[in-house]
Amino acid sequence: MATKEQAVDKLKEYGQEHVLKYFDELSADEQQSLIDEIVETDMEVLKHYDEKGAARGVFSPLKTMELNEIDADKARLKEIGINAIKEGKTAALLLAGGMGTRLGSDNPKGMYNIGITKEVFIFQRIIENLLDVVNEAGATPRLFIMTSDKNNDATIAFLKEKNYFGYPADRVNFFKQDMAPACDYNGKLYMEGKGKLATSPNGNAGWYSSMIKAGLDKIIEDEGIEWVNVFAVDNVLQRICDPAFVGATIDAGVEVGAKVVKKAAPDEKVGVICLEDGRPSIVEYYELSQEMMDAKDDKGDPAYNFGVILNYLFKVSALNRIAKEQTMLHVVEKKIPYIDESGELVKPTEPNGYKFEQLVLDLIHMLDSCLSYEVIRENEFAPIKNATGVDSVESARELCKKNGIEL
Ligand code: UTP
């Protein structure tokens, strides 16, 4: 248990003494919980609040394994993948710690029902897709699920109630990602209650370190898991532990495989896979220069033509190598609920400060080699970010229908 003295020292060090303004009004339990939170919270991030992000290096194209090349070798690649799955070398890891603010539901995003005539939950779609592989390979990959403080209990209760949609309970492991504090434009911590810092999940790159903290790396080690397929909760057509993708990544001898789709237009708003200073990287759509958009490869196709869909197969030995390195920090302007001078909770309608996030795409840049692996967009990419419009429940429903999924 941390002491008040430790908390005070830490707040002084970071110039955040205002956090104790209401301390004397709190109950003994609340006081202790605030002290613990202060001592446990990573305040180093606050030093970076006014940084605008690191300068980028020199971009160059990364060759993608395209559909025709995959099709020509599919049987062999699949066999390599199926064998790895059968031998228990491949695990699945669902990133479900996000807040899903754009969708606007209070529940975890995976609990969202996209069904029309019957219930079809996002979690259900994902697990059903993974069960296809279980049936094909005759083996059940471990399914790790990352939640956050904000949605952990609701996620676990829901999946239990639904019997994990048919996935064997003893193959599912949950862990919570770390939280990060939020601050105002002067780098001062926001409070969301008199005894509670305003915090939010620290971004999706924290998954491996949070897994280690939760002791789940022991399962990886004990079971000889060599590959972890990390994927987002919101793509309801997501293929997970896809045998041909697993096989191609192993066969290529790389440290990570990335599923990509051909861009719909040169200026489409997706992160594009490429090399940066010779290492794998992802360039955001707003960083793409006109020159990069116009560049052609040796076949005359656009040289930066493939967008990532947040489905990566990471080699465990490579993750262990980079585990102690610091991932790049993204300082993001957000609307942060906070208590004001009079102790009242304010929910701002405009951004009022910064949150700190680490993103999974930065992990890619820390690795030495990457296979960019093309998949058919209409078959594998139906993200749900918004309630309506682009990347929404509506657009995902259309794509599900096209793929013969009853809703
Ligand atoms: P998004 O970038 O879409 O963020 O996450 P989000 O929090 O879900 O949604 P918005 O931006 O608030 O609307 C992409 C994936 O990364 C996970 C999400 O759950 C989703 O699967 N994620 C995101 C985490 O696991 N932790 C985080 O801290 C952030």
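Side-chain atoms are counted along with the backbone in the values below, which use heavy atoms only and exclude waters and symmetry mates. As the structure lists them, so they are numbered: ligands from 1, and atoms in each ligand from 1.
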Based purely on interatomic distance, does [X] place a nitrogen or oxygen under 3.5 Å from a nitrogen or oxygen of ligand 1?
X: K334; answer: no
X: A232; answer: no
X: G98; answer: yes
X: L310; answer: no

Protein heavy atom at shortest distance from [atom]:
atom: atom 6 (P) of ligand 1; value: G100 N, 3.6 Å
atom: atom 25 (O) of ligand 1; value: G97 N, 2.8 Å
atom: atom 28 (O) of ligand 1; value: G203 N, 2.9 Å
atom: atom 12 (O) of ligand 1; value: T101 OG1, 2.4 Å
atom: atom 21 (O) of ligand 1; value: L95 O, 2.6 Å
atom: atom 26 (N) of ligand 1; value: Q177 OE1, 2.6 Å
atom: atom 16 (O) of ligand 1; value: N204 ND2, 3.1 Å
atom: atom 3 (O) of ligand 1; value: K385 NZ, 2.7 Å

*Using a 4.0 Å heavy-atom threshold (strictly under), name the region of M146 that reaches ligand 1: side chain, backbone, both or neither.*
side chain
*side chain to side chain contact (heavy atoms under 4.5 Å, CB included) against T41, all qualifying residues, sequence neighbours excluded*: E37, M43, P181, L197
Would you kindly say whether [X] and [Y] are connected by a side-chain donor-acceptor distance under 3.5 Å?
X: E357; Y: N202; value: no
X: S281; Y: R56; value: yes
X: E87; Y: N83; value: no

*Under 3.5 Å: donor-acceptor pair, side chain of E394, backbone of T388*: no
*Partner set under salt bridge (charged side-chain N to carboxylate O under 4.0 Å, His left out) for E69, not counting sequence neighbours*: K63
Can you confirm whether or not the ring centre of [X] sits under 6.0 Å from the ring centre of [Y]?
X: Y354; Y: Y185; value: yes
X: F121; Y: F158; value: yes
X: F314; Y: W207; value: yes

*Using a strict 4.0 Å cut-off to heavy atoms of V233, name the atoms of ligand 1 that fall inside it.*
19 (O), 21 (O)
*Atoms of ligand 1 close to P201 [distance to a heavy atom under 4.0 angstrom, numbered from 1]*: 28 (O)
_I need the single residue from I156, D149, T155 that forms a side-chain contact (heavy atoms from CB on, under 4.5 Å) with N152. Which is it?_
I156
